[in-house]
Amino acid sequence: MTTDNNPPQDTNQIIEERRGKLAELRQNGVAFPNDFRRKDLAGDLQIRYGARVKEELESTPVNVTVAGRMMLKRVMGKASFATIQDSGGRIQLYVSNDDTGEAVHSAFKHYDVGDILGAKGVLFKTKTGELSVRVSELRLLTKALRPLPEKFHGLTDQEQRYRQRYVDLIVNEDTRRVFEVRSKAIQAIREFLVNRGYLEVETPMMQPIPGGAAARPFITHHNALDMQLYLRIAPELYLKRLVVGGLEKVFEINRNFRNEGISTRHNPEFTMLEFYEAYQDYQYLMTLTETMLRDVAQKVLGTTRVPYQGHEIDLSQPFPRLTAVQAIQKYNQGYTDAMLANREAVIDTLKRLEASYKPKDSLGGLQLSLFEATTETALIQPTFIVDYPAEASPLARRSDSRPEITERFELYIAGREIANGFSELNDPEDQAARFMEQVKQKDAGDHEAMHYDADYVRALEYGLPPTAGEGIGIDRLVMLLTDSPSIRDVILFPQMRGV
RNA sequence: GGGUCGAUAGCUCAGUCGGUAGAGCAGCGGACUUUUAAUCCGUUGGUCGGGAGUUCGAGCCUCCCUCGACCUACCA
């Protein structure tokens, strides 16, 4: 019953009927009680008592107190069954006139699927062998006004699954599993690094100068300081300041924000691991990365052979380390050394492939564009691509033997970039020059070019020890570990267009 | 940004050639004391995403808009 003073409520017959049931509950006492204490989880009971035979449960009764959401309900006159679900699994309740009295059982008949119940009773096995609770006390703890999706098909509409994740989590066990794996994977990474002496830190999400990556930032404003701030695109420059400060092994797992397109592989906010270790180089990082990914997969999935979208990703073997040119030649026909070393030939090929590239790039940059156009998606099994051109890597250390390239790698798995690491540039004068070059590109209209960060250069002038640093995209790693085709499947509340 | 496909009951989906809006589940009423997506009988429930147009008549045809999925582009 709404009046003009009430906000409009979207409603239907089912919700109206349930509101009526709730109104009745309010009249009979506390409609939303919070004095019921659960003692047992369904999953634990299944593990501990699921294997016991009928007679054991009868001779030594096990009293339990369970609570959860009613997912299935089967009423048969003077006795009923219900299946409740809690965070650890499901268990069946048996409610009968004999055990609870007719009044409680009659009330139960009007409970709805989706309601949250608390029950006390003893464990027993039904004649089909299902572990169940013979309920002696039953309470409705929370009335659900909205009906759950259909019990067999569940919720399949992608939009509703993303927008109403709470419903998705209630009815889709796979969704719950994805986010359990995500949590465990992050936990495993944290343990891996902490066990190696790393210190976990938190650095600014709001930065006066957005740095550490080539990307368009979100802009915001601080009123009291009357100051423009950017949501960070990467923590990199702050983490290296910490290494300057003597925190020789640091890592951060946190959100980055990039004001760019949304796709099955891109969300405006995403979670990144970045870690830095003094007195190491990029070769060390590649080995460490292999070890870490193996360790995480083993801990989380119990295997290092990970099924992904019809492929089996094998993390157990050393990952090949190829230059972009070597990878092009390995995965494509007809690219000779001479052709790939010829600037004009590479540009002709890029044009023929209608690939994007910057005409004023060095040969290395053009080769990289050709790699991205021809080879990237073919790198299903883990592969390191090494030796990136300096112009594309303004924060990476130059190779001593070939100053036009940097000691940098990217790790590709399932055709996507998963990690990016390098020996850090710790020469403050080279860094200043490279920032200047970025500023020149920004002035020329490149929105993704970096800002000049004078304080960062000043930090380098105090001396950054030789250091190796890496970033790993957590969401993409979790996609891999959960066989998820879209990044939205591994982010609880992915960004959606406003309704 | 470009392309393809989609939106019908709370959920999962049908809807033929343009001719009164359908099913299953859920709900409501009834039967049923070991069910397993319980079963059986009866029954309520619709702004066919929104708007305009064509037509005697539009869920269906045309146009515009909104939202989504996928592919593609930029990127991690």
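Owing to the predicted nature of the structure, the values given are computational and were not obtained by experimental measurement. Throughout, protein chains are lettered first and strands after them, A, B, ... in sequence-line order, and every chain is numbered starting at 1.
In this model, the phosphate group of B:rU35 is not approached by any side-chain N or O of A:Arg74 to a distance below 4.0 Å at OP1 or OP2. Contact annotation: A:Arg488 reaches the phosphate of B:rC70 (side-chain N/O to OP1 or OP2, under 4.0 Å).
Here, B:rG19 and B:rG57 have their C1' atoms 7 Å apart, quoted to the whole Å. Atom C1' of B:rG51 sits at a distance of 41 Å from the matching atom of B:rA37, rounded to the whole Å. Nucleotides B:rC63 and B:rA58 place their C1' atoms 15 Å apart, quoted to the nearest Å. Spacing of P atoms, B:rA31 relative to B:rC13, comes out at 35 Å, to the nearest Å. As rounded to the nearest Å, B:rC56 and B:rC67 have P atoms that lie 35 Å from one another. When the P atom is used for both B:rA69 and B:rC60, the distance is 25 Å, rounded to whole Å. Only the P atoms considered, B:rA14 is 16 Å distant from B:rA23, to the nearest whole Å. For the P atom pair drawn from B:rA7 and B:rU16, the interatomic distance equals 13 Å after rounding to whole Å.
At a cut-off of 3.5 angstrom, counting only N and O atoms as typed in the model, there is a donor on one side and an acceptor on the other between the side-chain of A:Gln92 and the base of B:rU35. A:Thr126 contributes a side-chain N or O that forms a donor-acceptor pair with the base of B:rU35 under 3.5 Å. In this model, a side-chain donor or acceptor of A:Asp98 finds a partner on the base of B:rU33 within 3.5 Å. A donor-acceptor contact under 3.5 Å links the side chain of A:Tyr94 to the base of B:rU33.
Of the candidate nucleotides B:rA69, B:rC11, B:rU34, B:rC11 has the atom nearest to the side chain of A:Glu150. When distances run from any side-chain atom of A:Lys151 to the nucleotides B:rA38, B:rA69, B:rU35, the shortest one goes to B:rA38. Comparing atom distances between the A:Glu159 side chain and each of B:rU34, B:rU33, B:rG68 picks out B:rG68 as nearest. Of all nucleotides listed (B:rA38, B:rA26, B:rU35), B:rA26 comes nearest to the side chain of A:Ile14. When distances run from any side-chain atom of A:Arg163 to the nucleotides B:rG27, B:rU34, B:rG68, the shortest one goes to B:rG68.
A donor-acceptor pair shorter than 3.5 Å can be found between the side chains of A:Tyr198 and A:Glu277. For A:Gln207 and A:Tyr238, the side-chain atoms include no donor-acceptor pair closer than 3.5 Å. The closest side-chain donor-acceptor pair between A:Asp489 and A:Ser486, if any, does not fall under 3.5 angstrom. Using modelled atom types and a 3.5 Å distance limit, the side chains of A:Tyr412 and A:Glu410 yield a donor-acceptor pair. A:Asp483 and A:Gln309 share a side-chain donor-acceptor pair at under 3.5 Å.
A donor-acceptor pair is defined here as one N or O able to donate and one able to accept, closer than 3.5 Å; such a pair exists between the side chain of A:Gln46 and the backbone of A:Arg90.
Between A:Asp168 and A:Arg165 a salt bridge is recorded (basic side-chain N to carboxylate O distance below 4.0 Å).
Between the CG atom of A:Leu72 and the C1' atom of B:rG27 there is a distance of 16 Å, rounded to whole Å. Rounding to whole angstrom units, NZ of residue A:Lys109 and C1' of B:rC28 are separated by 15 Å. Rounded to whole angstrom, the span from the OH atom of A:Tyr166 across to the P atom of B:rC11 amounts to 12 Å. Per the geometry, CG belonging to A:Asp157 stands 13 Å off P belonging to B:rG49, to the nearest Å.
Under the side-chain contact (heavy atoms from CB on, under 4.5 Å) criterion, A:Glu290 pairs with A:Arg294, A:Pro318, A:Phe319, A:Arg321, A:Phe384, not counting sequence neighbours. Remark: A:Thr271 engages A:Arg182 in a side chain to side chain donor-acceptor pair (under 3.5 Å) (not counting sequence neighbours). Evaluation of the ring pair (Phe, Tyr, Trp, His ring centres under 6.0 Å) rule for A:His451 yields A:Tyr230 as partners, not counting sequence neighbours.
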What's touching nucleotides 40-44 of chain B from the protein side, N or O pairs under 3.5 Å?
{"residue": "B:rU44", "atom": "O2", "partner": "A:Gln13", "partner atom": "OE1", "Å": "2.6"}
{"residue": "B:rU44", "atom": "O2", "partner": "A:Gln13", "partner atom": "NE2", "Å": "2.6"}

Check nucleotides 71-74 of chain B against the protein and report each pair of N or O atoms closer than 3.5 Å, with its distance, or say if there are none.
{"residue": "B:rC74", "atom": "OP1", "partner": "A:Ser356", "partner atom": "OG", "Å": "2.2"}
{"residue": "B:rC74", "atom": "O2'", "partner": "A:Glu448", "partner atom": "OE2", "Å": "3.3"}

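Heavy atoms only, all atoms of each residue included: A:Ile189 and A:Leu477 are closest at CD1-CD2, 4.0 Å.
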Bracket notation of RNA chain B in which parentheses pair within the strand, [ ] cross earlier pairs, and | pairs with another strand (Watson-Crick or G-U, under 3.5 Å): (((((((..((((.....[..)))).(((((.......))))).....(((((..]....))))))))))))....
